[in-house]
Structure formats: C-alpha cells, structure tokens
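Here is the structure we will look at, set down as structure tokens.
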Protein chains: 2
Amino acid sequence: MSGRAVTISEVARHAGVAVSTVSYVLSGKRTISAGTRRRVLDSINALGYHPNAGARALASRRSNVIALVLPLRAGMHVPVLMRFASAVVTAARRFDHDVLLLTADEGTAGIRRVAASALVDALVLMDVELDDRRVPLLRELAEPSVLIGFPAEPAGLTCVDLDFAAAGARCVEHLAERGHDEIALLGAPSVVYERGTGFARRTREGFVEAVDAHGIKGVALACEETFDEVYETVRDLLLDQPGLSGLVVHNEAAVGHVLAALRQLDRRVPHDVAVVAICPDDVAERASPPLTSVLIPAEEVGREAVRLVMDKLEGRAVPESTLLTPQLAVRAST
Amino acid sequence: MSGRAVTISEVARHAGVAVSTVSYVLSGKRTISAGTRRRVLDSINALGYHPNAGARALASRRSNVIALVLPLRAGMHVPVLMRFASAVVTAARRFDHDVLLLTADEGTAGIRRVAASALVDALVLMDVELDDRRVPLLRELAEPSVLIGFPAEPAGLTCVDLDFAAAGARCVEHLAERGHDEIALLGAPSVVYERGTGFARRTREGFVEAVDAHGIKGVALACEETFDEVYETVRDLLLDQPGLSGLVVHNEAAVGHVLAALRQLDRRVPHDVAVVAICPDDVAERASPPLTSVLIPAEEVGREAVRLVMDKLEGRAVPESTLLTPQLAVRAST
DNA sequence: GCCGGTCGTCGAAGCGCTTCGACACTCTCC
DNA sequence: GGAGAGTGTCGAAGCGCTTCGACGACCGGC
C-alpha cells in the first residue's frame with residue numbers, strides 16, 4: 001500500500017490489453033468479450049488497483065462526490081442531524097458516491113467554492129430555513145441540489161422532508177380518538193418560531209387545523225429547553241386549563257423535562273395527562289413511560305434526498321416537493 | 001456560473017502571462033513581481049476563476065481533502081460527535097482542506113478505498129475503541145492518520161482525547177474539597193464497559209484512584225439510560241449507602257434522569273446530594289439545577305486532531321499521545 | 001465472392017493543473 | 001566591463017484517466 005500507487009497502464013500491461021480496454025471494462029461503456037474482461041479483472045485484483053480519483057474526475061468531469069451542507073444554526077436537534085448525515089453517506093455509497101461535509105460558518109462561499117472547483121457533482125442541504133440565504137445561490141448553480149426542509153419559496157427547487165403538518169394532525173387525531181377534548185402543543189423554543197424554521201411552524205399549523213377539524217380545544221405554545229422553564233410552562237398550563245388531558249410535545253430537548261415536570265406536579269401519564277411526542281424513536285423509548293410518538297424518519301429522509309439528487313444528476317425529472325408520511329407508534333403514554 | 005468553468009489558461013491569456021506564472025502566483029512557490037501578481041489576481045477576480053480540484057489533485061498528488069471516519073457504533077454521545085465533526089471541518093478549512101465523511105458500515109473497505117484512490121491525503125478517526133479493527137489498517141497505510149480516542153495498543157499511532165482519567169479525578173477532588181467523603185460514579189451503560197470503550201474505563205480508573213488518594217469512600221457503577229433503570233440504580237444506591245452525599249455522572253443520556261430521580265426521592269441538589277457531571281456544557285446548563293461539570297471539549301479535540309494530521313502531512317514529527325486537560329465549571333449543583 | 005454491418009480492441013488526444021529546466025534580465029563586485 | 005549570482009517568467013512535459021475515431025475480424029445475405 002505504500003510506495004507509488006498502481007495505475008491503469010500497469011493493469012493494462014499486466015493483462016496484455018490497451019489502457020482504454022481496461023477503462024471500458026471498468027465503466028461498461030463498450031462491450032468487452034468475456035475472456036478479456038476476466039483477464040482484466042484478474043489483473044486488477046492481482047495488482048490491487050484503485051482508479052485515481054483526481055484523474056478520473058479530470059477526464060470524466062465527474063468527481064463522484066456530493067456535498068452535504070450542515071445547517072446554519074447549530075441549535076437544533078443535533079442527534080437527528082447526525083442520523084441524517086449518516087443516512088446520506090450510506091445512501092450515497094450505494095450510488096458509488098462519497099460525501100464531502102461542509103459547515104455553514106464558511107457561509108455561501110463554501111458552497112460556491114466546491115461547486116466551482118468541481119470538487120462535487122451535486123449538493124444536499126440539511127435543515128433549510130424559511131428564509132435561507134443559501135437558496136438564491138443554489139438557483140444560479142449549474143450543479144443539482146436537494147434541500148432537506150422547505151424554504152419560504154420552494155418553486156424551482158427540490159425539497160424533501162417529513163410532512164410535519166400531517167405529523168401534528170396525526171397526534172391530534174390520536175388524542176381525539178382516545179377521547180381527549182382539551183389538549184395543547186408544546187413546540188420549539190420561541191426563538192425558533194421567530195427565525196422562521198419551517199418544520200416548527202408546519203407542525204403547529206397541522207395541530208391547529210386538526211384541532212379545529214375535530215372540534216376540540218387546543219392551544220399551541222412555544223417551549224423553552226431548561227427544566228425550570230419547562231416546569232413553569234407545564235404548571236401554568238395545567239393551572240389555566242384544569243380540564244387539559246392531552247399533550248403533544250415537539251421538542252426533543254424538552255420532552256424529558258416535560259415528563260419530569262408532570263411527575264413533580266403529581267400528574268400521572270397517561271392516566272391524568274396523555275402525552276404524544278414528535279421525536280426520534282430512541283428518545284421516546286428511553287422515557288418513562290415510553291412515549292407514543294411520531295418518529296423523525298432521518299434515515300428515510302436522507303435516503304430520499306440522495307435518490308433525488310442522483311436522479312437530477314442523471315438528468316431525470318424529479319418532483320419539486322417530497323413529503324414523507326408520518327408514522328405514529330403507540331406506546332405507554334396514551 | 002453555468003456553462004464551462006474558467007480555466008487557468010483563460011486567466012493566463014487575460015492577464016497576458018504564461019499558465020505557469022498564474023500557478024506560481026496561486027501557490028507562492030516561486031517569486032513573482034508585485035506588478036505581475038496584481039494583474040494575475042485581478043484577472044482571477046474578473047473571470048471568477050476557481051482551480052479545478054481534480055486537475056490540481058492529479059498534478060500535485062495532493063487532494064487537499066481529509067477523511068473523517070465516523071465511529072463503528074452509533075448509539076453513543078451523538079451530539080458530541082456532531083460537534084467533533086463540525087470542529088474538524090472548520091479546522092480543516094483553515095488549512096485549506098475539505099472533509100470527506102465516511103461511515104463505519106462500509107467497514108475498513110471505505111478507508112482503504114479513499115486512501116488508495118488518492119481521494120484523501122490523510123484520515124481522522126472519531127471515537128476509537130480499545131480493540132478497533134480499523135487500527136491495523138491504518139498502520140499499513142501510507143497516508144497519515146490521527147485517532148480521536150485511544151486503542152489498547154497506541155504505539156506508533158497519533159491519538160488525541162480529553163484526559164478522562166484526569167476528568168474523573170478532578171470530579172472526585174472537587175467533591176472531596178467540598179467535604180464529601182462518601183461518593184459514587186454513575187458511568188456508561190454496562191455494555192459500553194464490556195466492549196472496551198476507552199474513555200468510559202479511563203474515567204472510572206481516574207475516579208477510583210482519586211478516591212483512594214483522598215482517602216474517601218467511593219463506588220463506581222455502570223448506569224443504563226432509561227428513566228426507570230436510572231431511578232432504580234439511584235434509589236438502591238441511596239438505600240445501600242445512607243451516608244452518600246456526592247455523585248459523579250458520566251453519562252450524557254442519563255444525567256437528566258438522575259436529577260429527576262433525585263427529585264422524586266426527595267433529595268435536594270446540592271443540599272442532600274451534590275452532583276458533578278462529565279458532559280457537554282449545554283446539557284449541564286439546561287439541567288435543574290445547572291450542573292457543575294467537566295465539559296467535553298469537542299471543538300478543542302477536533303481542532304487538535306486536524307493540527308496534528310496537518311503536521312504529519314508536512315512531515316513534521318508529532319507526539320503519539322495528546323491528552324487535553326479537563327476544565328471544571330462550578331455551577332449550582334455542588 | 002463481395003458488400004455492409006457488428007463486435008471487440010487499440011491508439012491518441014485531451015481534461016486542467018503543477019513543476020522542472022531554461023533563459024533573458026538586472027544587479028553586484030572585483 | 002565582465003564573471004557570477006540572483007530574479008522573474010516561460011514552455012513543455014507529465015499526472016492517470018476517459019473517450020472518440022479507426023480498424024481488423026467475423027458475420028450473414030445476395
């Protein structure tokens with residue numbers, strides 16, 4: 001493995017064929033006889049040949065690398081991001097692509113740089129905000145891109161995400177079915193609503209519409225993430241609405257605190273208050289009691305994003321919007 | 001930005017110089033007169049030139065990309081990993097390098113592939129285990145690498161991590177100073193100790209040694225991560241040792257549950273039981289009460305790993321082992 | 001028995017960059 | 001004023017791969 005790497009011409013010499021023949025065996029872009037193919041593949045194995053990525057990129061104008069751009073704000077749901085990232089890498093490998101990781105602190109310059117230098121063939125952006133400054137840049141780029149999340153003006157882009165409105169509605173529906181007619185949504189911290197993060201707003205809209213549709217009472221509140229603030233919010237809520245019997249929590253960092261607060265306020269889950277969460281499965285399972293939840297399908301979203309970006313690379317048409325249907329897992333909290 | 005990209009020869013023509021001159025302006029490897037340099041830089045700006053990454057990698061035998069390899073096991077400390085990753089990317093950019101993200105599910109094949117194809121110049125591995133199957137491969141690779149974490153046999157490698165033994169000891173010292181003489185460590189889930197994860201063991205060793213050194217009583221326990229299991233562990237612990245007045249928690253997922261359990265058992269923090277955590281700062285600050293903690297310096301570790309790998313790339317000698325000194329932040333829980 | 005058409009392979013021309021050796025200058029310093 | 005030592009710039013040779021056009025060899029059809 002040390003010393004100079006094996007090149008395609010060494011493989012060609014070893015197999016007794018032309019360099020181009022080796023290339024065609026590898027790419028399959030021209031027919032090669034079975035015997036020749038065998039000999040070439042044997043030589044490749046014998047010599048331990050790996051095509052040089054730079055040379056390949058230069059000649060074929062394809063780097064076989066896609067960029068994965070981290071969100072602008074660190075604040076959010078970090079474990080979920082990691083699962084997105086991991087899912088994107090795994091999915092990309094299935095298309096024989098690697099993944100270059102870009103952070104937001106380089107701003108749009110990083111995106112411009114990797115695109116202009118042909119370091120990447122395409123881009124996937126995580127956790128897009130409603131008013132995302134990276135979006136205008138994507139529109140002028142020649143390289144295809146896919147967004148995870150929805151900006152305010154998604155026309156002409158390709159976006160994929162969990163259908164958070166449906167998720168909010170699904171939670172309401174579940175509580176309504178269980179007979180609860182006075183419920184509340186504890187959502188993201190208020191700063192998240194203010195800066196216009198799509199998924200937080202969409203969950204709230206889905207919640208509000210579903211509450212109306214079912215003719216039940218429901219309020220939507222922001223929810224901070226320290227225990228003390230969560231405790232106060234929950235206490236005040238129960239004080240104001242003694243009849244409240246159902247809670248939807250869409251805040252991964254606060255969900256444990258909500259349960260602790262209820263415990264401390266002597267409300268039993270699900271007997272006094274039923275709780276549905278929108279959060280990753282492991283958080284829901286680790287809680288006490290385990291929570292009925294709509295899971296965040298990070299793997300599926302990542303996979304879908306890669307599939308879409310590969311379709312675009314191949315010149316195939318793709319839908320502008322892909323919304324994944326939420327799945328509710330019923331556990332002990334409702 | 002669409003259409004064919006600007007090449008170095010177009011820049012050369014525009015500036016009225018040779019291609020090689022443009023290259024030398026960019027690399028600084030030969031002296032160029034101020035006037036020529038100005039003209040070339042102006043042309044670069046005017047045309048919006050970005051060097052083609054593939055061509056550059058091919059000619060210079062440097063891709064200016066490093067690989068960041070995710071841990072074998074998911075599950076663990078995910079938010080911390082994300083901060084490592086982000087820190088590594090940011091640090092790498094300062095050395096004009098990009099970061100390729102590799103997951104473990106490709107196994108060692110992924111590492112071999114990106115190294116052999118010259119896609120990356122060097123590797124950084126996150127969260128290395130005591131018996132890590134990637135380590136033998138690194139030894140035979142020509143490309144330099146740095147590990148975050150320590151395998152069982154680190155000789156000949158370059159490893160960097162927080163000094164977890166010192167962190168464990170620091171927590172003990174802090175509690176001893178506060179007059180506590182009967183304390184306990186709640187560590188990682190037992191499966192983590194069993195599979196030989198270095199940082200969990202090292203914290204425990206530091207704890208045990210410091211307890212002996214200070215002549216106080218201290219037990220080290222594994223700690224699972226569901227609320228109910230944590231609750232039982234804490235309850236039994238307090239039952240067995242009525243004199244226990246200090247707790248060190250080295251388990252990010254369980255730390256919230258520990259506090260909730262203490263609350264439920266009517267033990268006040270810090271009045272009845274003092275708590276020190278080893279966890280990221282945001283978790284410590286979000287708890288109630290905010291926790292005295294040794295923070296996991298993800299940014300610093302990531303930065304250091306990149307610095308080391310760049311030193312190795314430049315052929316400079318580096319220490320085999322780099323241990324970062326833990327910092328204790330005193331908050332309301334002790 | 002000759003023509004047109006596949007099929008399988010080859011050689012060569014780039015892809016856009018770095019780097020080496022060469023060369024024309026301009027300064028010293030005797 | 002000429003040798004010697006820098007400077008600053010150029011041209012050309014690759015780096016290892018893909019891809020295009022060409023070309024024998026072989027086929028079937030008349």
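Basis for what follows: all heavy atoms, side chains included, without hydrogens, waters or symmetry-related copies. We name chains A, B, ... by the order of the sequence lines, and we start the count at 1 in each one.
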Side-chain donor-acceptor contact under 3.5 Å, Asp105(A) with Thr90(B): yes
Taking [X] first and then [Y], would you say they form a salt bridge - that is, a charged N and a carboxylate O separated by under 4.0 Å?
{"X": "Arg113(A)", "Y": "Asp98(B)", "value": "yes"}
{"X": "Arg303(A)", "Y": "Glu300(A)", "value": "no"}
{"X": "Glu304(A)", "Y": "Arg307(A)", "value": "yes"}

Working for salt bridge (Lys or Arg N to Asp or Glu O under 4.0 Å), residues Arg112(B) and Glu106(B): CA-CA 10 Å; Arg112(B) 185 162 257 135; Glu106(B) 234 193 316; over 6 Å; no
Audit row: Lys312(A), Glu143(A), salt bridge (Lys or Arg N to Asp or Glu O under 4.0 Å) steps and yes/no: CA-CA 9 Å; Lys312(A) 289 180 89 169; Glu143(A) 287 73 13; over 6 Å; no
Heavy-atom protein contacts under 4.0 Å, nucleotides 17-24 of chain D, coded B base, S sugar-phosphate only, - none: BBBBBB--
Hey, could you give me the [atom1]/[atom2] distance between [X] and [Y], rounded to the nearest 0.5 Å?
{"X": "Phe95(B)", "Y": "Ile66(B)", "atom1": "CZ", "atom2": "CD1", "value": "9.5 Å"}
{"X": "Ser321(A)", "Y": "Asp163(A)", "atom1": "OG", "atom2": "CG", "value": "8.5 Å"}
{"X": "Leu125(A)", "Y": "Leu137(A)", "atom1": "CG", "atom2": "CG", "value": "9.0 Å"}

Side-chain N or O of [X] less than 4.0 angstrom from OP1 or OP2 on [N]?
{"X": "Thr36(B)", "N": "dG8(D)", "result": "no"}
{"X": "Thr31(B)", "N": "dG8(D)", "result": "yes"}
{"X": "Arg61(B)", "N": "dG16(D)", "result": "yes"}

Given atom [atom1] of [X] and atom [atom2] of [N], what is their separation to the nearest angstrom?
{"X": "Arg13(B)", "N": "dG11(D)", "atom1": "CZ", "atom2": "P", "result": "13 Å"}
{"X": "Leu58(A)", "N": "dA13(C)", "atom1": "CG", "atom2": "C1'", "result": "13 Å"}
{"X": "Asn64(A)", "N": "dG16(D)", "atom1": "CG", "atom2": "P", "result": "19 Å"}
{"X": "Arg62(A)", "N": "dG16(D)", "atom1": "CZ", "atom2": "P", "result": "24 Å"}

Sugar-phosphate only, base, or nothing, as touched by Ser33(A) at under 4.0 Å among non-hydrogen atoms: sugar-phosphate
Base-pairing string, 5' to 3', of DNA chain D - Watson-Crick or wobble, under 3.5 Å, | interstrand: ||||||||||||||||||||||||||||||
